[in-house]
Amino acid sequence: MNAPIPNLSKRQIGARVQRFEDTRLMSGAAKYIADITLPDMLHLSFVRSQVAHAKILEVDTSMLEDLDYPVQVFTGKDTDGLSLKANQDLPGVQRSEQPLLALDRLRFVGDPAAVVLADDPYLAEDAAELVFIDFDPLPVVATMEQALAEDTTPLFDGWTGNKFVERQMKGGDLEAARAQAAHVIRRTYRNQRQTGVPMEGRGVIADYDKGTRVLTLWSSTQMPHLVRTYICEELGLPESRIRVIAPDVGGGFGVKGQVFADEVLIAWLAIQTGRPVKWVEDRRENLIASIHARDHEHTLEAYVSAEGRLLGLKADISTDVGAYSTFPFTAGGDPGMAAKVMPGPYDFQAYEATFRALATNKCPLGTYRGVGRPSAVFSQERLMDVIAQEIGMDPIEFRLKNVVKEFPYKNVLGFTYDPGSYEESLLKMRELLAEDIKAAEASKASPDSRIGVGIACFIEQTAHGTGDFTKRRSPIETGYISARVEMSTDGEVLIGLGLQSHGQGLETTCAQVAADALGVGPQRVFVRHGDTLTSPYSVGTWGSRGGPLGGGAVHIAANKIADKLRLIAAHILQVADPATIQLDENRASVIGDPARFVPIPELARAALRNVDRLPEGMTPGLTEEFSLDGPKDGTYANAVHAAIVEIDVKTGKMKLRRFVVVEDCGTILNPMIVDGQVRGGVVQGIGSAIMEHMIYDEEGQPLTTTFADYLMPLATEMPEIDVHHIETPTPLTPLGAKGLGEGGAIGPPAAIANAVANALGVEVEATPLNAQAIWRLAKATRSEG
Amino acid sequence: MSKTTITANGQTKNLSLEPRRLLADVLREDFRLSGVHIGCAHGACGACTVHVDGVPRLSCLTFAVQCDGAEINTVESLGGDDAHHLLQRAFREEHGLQCGYCTPGFLMTMAPYVEEMAAQDRMPEDAEIRHAMSGNICRCTGYQSIVAAVRLAITQRRNGESTQ
């Protein structure tokens, strides 16, 4: 914990370097999954369930026999025995499997029961329409209430009820907290179901080489190595002969951060058919059958002293996780995360959470930017405003009184928080909002238009290490990231990075990190990623760990090469102490005597070819790799978000006047990219708060299956996002960086709900806060006018 | 099958096409122009925007046979392999893209808009720029940096910089 913060040269780290990946992404030369074609390729189309819950009687493929072009069809009977299994090994968990193709039961609209393969994607789609699934309907479990009902129809044979998991987390003495409390405040909060919607959907191509027995799988995934291992284990192939490549990936946001049954299926099909098989998800499939998110209901009870100190918190958390448990984070991942992070940035020592994942006949729920945290922070931060109001304190003042101020801090569940700027961020935000708060107060006199200011104060556990994962007993046991750094004879640098960059700019930031270590320009560093053949084993890009752990691994591996370069330079320059050699501007020079230098390419050539120039006994070569695990409890980024809204009381129309962020992600590697991640995350969070809603009817039919029904933020509706930084480097990662990719999406639902509550003087208990919801909330305000 | 002649980025092909084939698919497959991205295939996201006879059109809502005799331009023709068009340079400078999937659509929608504003010698309000791009969805950037890139490109065009 008290390790010194590294003394970084920060010539490139921290600089606003333009992104190297931009050129190919803008010229049309990028290669996304749909852009890859292989000779003799088959195109796949899924036959998906059109009902939410049914017993399969027969999958009738007889009409395919009359087609005048060749097709191949596979059903659940063909893949019987192959499945996706994602189970936590804990009491309170009911085990389940997702067959690669539905065998005896359809569990949601979109559940695939067969595939048709043809030489052309149009023809595959035509043929798929000729396959009929004959079924007997089963009672539909369409809501969490129905999943909890006594007479619910279990989704899986051998199950009792419809809970994937129900467990508890606790710390401290809740009874004592309740006994001491002057105020007991209880509320229920609800977040809607939504989905992440990367602009590129998913897609998979598999090709099996009979000669070498190598399976190559391209997938629009965030986690190539985990896909490789799952295919190895499920299909019984040697992992050494599987290569998984994530090509350019058009956004992920967590949606592509799971291993999917279709990845295993398509690998199997390539082996069965002896031909490459390609599937590119269409938008309807993406919306109804990829991965859904959020859909939480929380009941919280807070115990507060007469002086306004939080003493304890009790939480009951339910999540509608849909029909299957997702790999590797499992059905329990989202509610478990909400339970874990609910204590937030606040200092109190009594907590108890009961959390459950409920099975319903809907698309499976998986990871999406923030994972449980946007829902948890919504509830936690709404409650903080309600408590402040009830005890008559200013909401910022109340938070200032209760946030953690001394670090390291051990929270009620035993997690240790590294240094952050919780209090400072709140103080900074209060300054930034002074005019908005005045405007909100002044607007209270208006019968038509009300301004409201709301904040959300939160922390985000990022870059957590093995210790955090093993506790979950789920099929994700660790969170380390690896990098291999190699210098070639010309002094150019190749990084094989175990991350996958799908917008985060890792080709640039990791080049910046290596450049500082090696004294070369970042344009000399080529970062390859998303390919199991070119990087050491690594868990992939998720959980806000790319910068701190990926950047950290590059930093350590590159420094090992730098050390060797210094030794070689010292030998060539006949300097006794290699520590007196500095690497800068593509030269190794003697500190204080810059005229004595060797160009770095010359050192590289000595290490790889002219090895007679090396010091005696030195091994040739300039390749180093490092696998960097995260700190056990992670490193905690923190932020305060503020929304300033203006509401037309008569129509319910809400305008976002301004959105302000004060954030602290430790050392900033590239400020341009950090701002981009924050703003992009905030806009997704605004979507969660006010519009995005995956609606199902009572029969389990999805109603929002196009972009005309599933509303997302457009340019015209989004405010300017004003971003401010505080930099508290963490001693727990090599560069002092904390994770940042998800934070932007966490705060907006809470901040906007608090702003609406502030504008209208009402309680806000649910999202999305669309015009209908605001109009209903404004009823009392209208009658005042 | 319909005989259709299409010119894309200056290359002319005489094609025999099924009437149902989308312009986006023909550009991607027959012309190998993979910068044409399909985001929704129902005309709601703008990722597939190309120029048909100089006018931005959604290639996922256009049948290729409708374009008989038309001249089409895709993002590949905007600034070449180095993406050196003024608007592309502005996107790079302002971090107007992250994953890049929607970007060709934004570029093809906004490049004529930049020209139009430059021709009028006028800097639009941000709200107007946002309105001009309201048929394109970006999921990564939050739009602010795209607005900044467009503003930068208009400024540079008004200062007489060439697009190339």
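Computed over heavy atoms, backbone and side chain alike; hydrogens, waters and symmetry mates excluded. Residue numbering restarts at 1 for every chain, and letters A, B, ... go by the order of the sequence lines.
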**Q** Tell me, for B/S145 versus chain A, whether the close heavy atoms (under 4.5 Å) come from the side chain, the backbone, both or neither.
**A** neither
**Q** Check the side chains of B/R32 and A/T37 for a donor-acceptor pair under 3.5 angstrom, ignoring hydrogens and angles.
**A** yes
**Q** Pick whichever of A/V280, A/D126, A/V682 has the most heavy-atom pairs under 4.5 Å with chain B.
**A** A/D126
**Q** Spell out the residues in residues 148-155 of chain B that have some non-hydrogen atom less than 4.5 Å away from a non-hydrogen atom of chain A, in order of number; otherwise answer 'none'.
**A** none
**Q** Side chain, backbone, both or neither: which part of A/R24 has a non-hydrogen atom closer than 4.5 Å to chain B?
**A** neither
**Q** May I ask you to check whether A/D248 and B/Y101 show a side-chain donor-acceptor distance below 3.5 Å?
**A** no
**Q** A/V683: what forms a side chain to side chain contact (heavy atoms under 4.5 Å, CB included) with it, not counting sequence neighbours?
**A** A/P713, A/M718, A/I721
**Q** Let's test your reading of the structure: which of A/Q684, A/Q504, A/Q677 forms the most heavy-atom pairs below 4.5 Å with chain B?
**A** A/Q684
**Q** How would you list, in number order, the residues of residues 75-86 of chain B that have a heavy atom less than 4.5 Å from chain A?
**A** B/V75, B/E76, B/G80, B/D81, B/D82, B/A83
**Q** Donor-acceptor pair, distance only, cut-off 3.5 Å: does the side chain of B/H42 make one with the backbone of A/T706?
**A** no
**Q** I'd like to know if the side chain of A/R19 and the backbone of B/H95 have a donor-acceptor N/O pair within less than 3.5 Å.
**A** no
**Q** Can you say whether A/A30 sits under 4.5 Å from chain B via the side chain, the backbone, both, or neither, judging by heavy atoms?
**A** backbone
**Q** Out of B/H131, B/R20, B/M133, return the one with the most heavy atom pairs under 4.5 angstrom to chain A.
**A** B/R20
**Q** Can you tell if the side chain of B/I137 reaches within under 4.5 Å of the side chain of A/F707, non-hydrogen atoms only?
**A** yes
**Q** For the backbone of A/L714 and the side chain of B/R130, can you confirm whether one donor and one acceptor N or O come within less than 3.5 Å of each other?
**A** no
**Q** Taking side chain as everything from C-beta outward and backbone as N, CA, C, O, which of these in B/L22 sits under 4.5 Å from a heavy atom of chain A? Side chain, backbone, both or neither.
**A** both
**Q** Determine whether B/Q98 and A/L25 make a side-chain contact, defined as any pair of heavy atoms from C-beta on separated by less than 4.5 Å.
**A** no
**Q** Please classify the contact between B/Y143 and chain A as side chain, backbone, both or neither, with a heavy-atom cut-off of under 4.5 Å.
**A** side chain
**Q** I'd like to know which of A/E21, A/K31, A/E692 tops the heavy-atom pair count under 4.5 Å against chain B.
**A** A/E692
**Q** I'd like to know if A/E200 pairs up with B/R139 as an ion pair, taking the criterion as any Lys NZ or Arg NE/NH1/NH2 lying under 4.0 Å from an Asp or Glu carboxylate oxygen.
**A** no
**Q** Pick from A/E717, A/R284, A/M712, A/R679: which one has the most heavy-atom pairs with chain B under 4.5 Å?
**A** A/R679
**Q** Counting only non-hydrogen atoms closer than 4.5 Å, does A/D282 touch chain B with its backbone (N, CA, C, O), its side chain (CB onward), both, or neither?
**A** neither
**Q** Taking distance alone, no hydrogens or angles, what donor-acceptor pairs closer than 3.5 Å link side-chain atoms of residues 47-58 of chain B to residues at least two apart or in another chain?
**A**
from  : atom 1 : to     : atom 2 : distance (Å)
B/T49 : OG1    : B/G46  : O      : 2.6
B/H51 : NE2    : B/M108 : O      : 2.6
B/D53 : OD1    : B/E71  : N      : 2.9

**Q** What part of B/R92 gets closer than 4.5 Å to chain A, counting heavy atoms only: side chain, backbone, both or neither?
**A** both
**Q** Please determine whether salt bridge (charged side-chain N to carboxylate O under 4.0 Å, His left out) holds for the pair B/R21 and A/D120, giving the CA-CA distance in whole Å, both sets of side-chain angles, and the decisive distance to 0.1 Å.
**A** CA-CA 12 Å; B/R21 287 193 74 209; A/D120 173 279; 5.7 Å; no
**Q** Is A/I673 close to chain B through its backbone or its side chain, or both, or neither, when contacts mean heavy atoms under 4.5 Å?
**A** both
**Q** Donor-acceptor pair, distance only, cut-off 3.5 Å: does the side chain of B/Q88 make one with the backbone of A/T23?
**A** no
**Q** Give, as side chain, backbone, both or neither, the part of A/V197 having an atom under 4.5 angstrom from any heavy atom of chain B.
**A** both
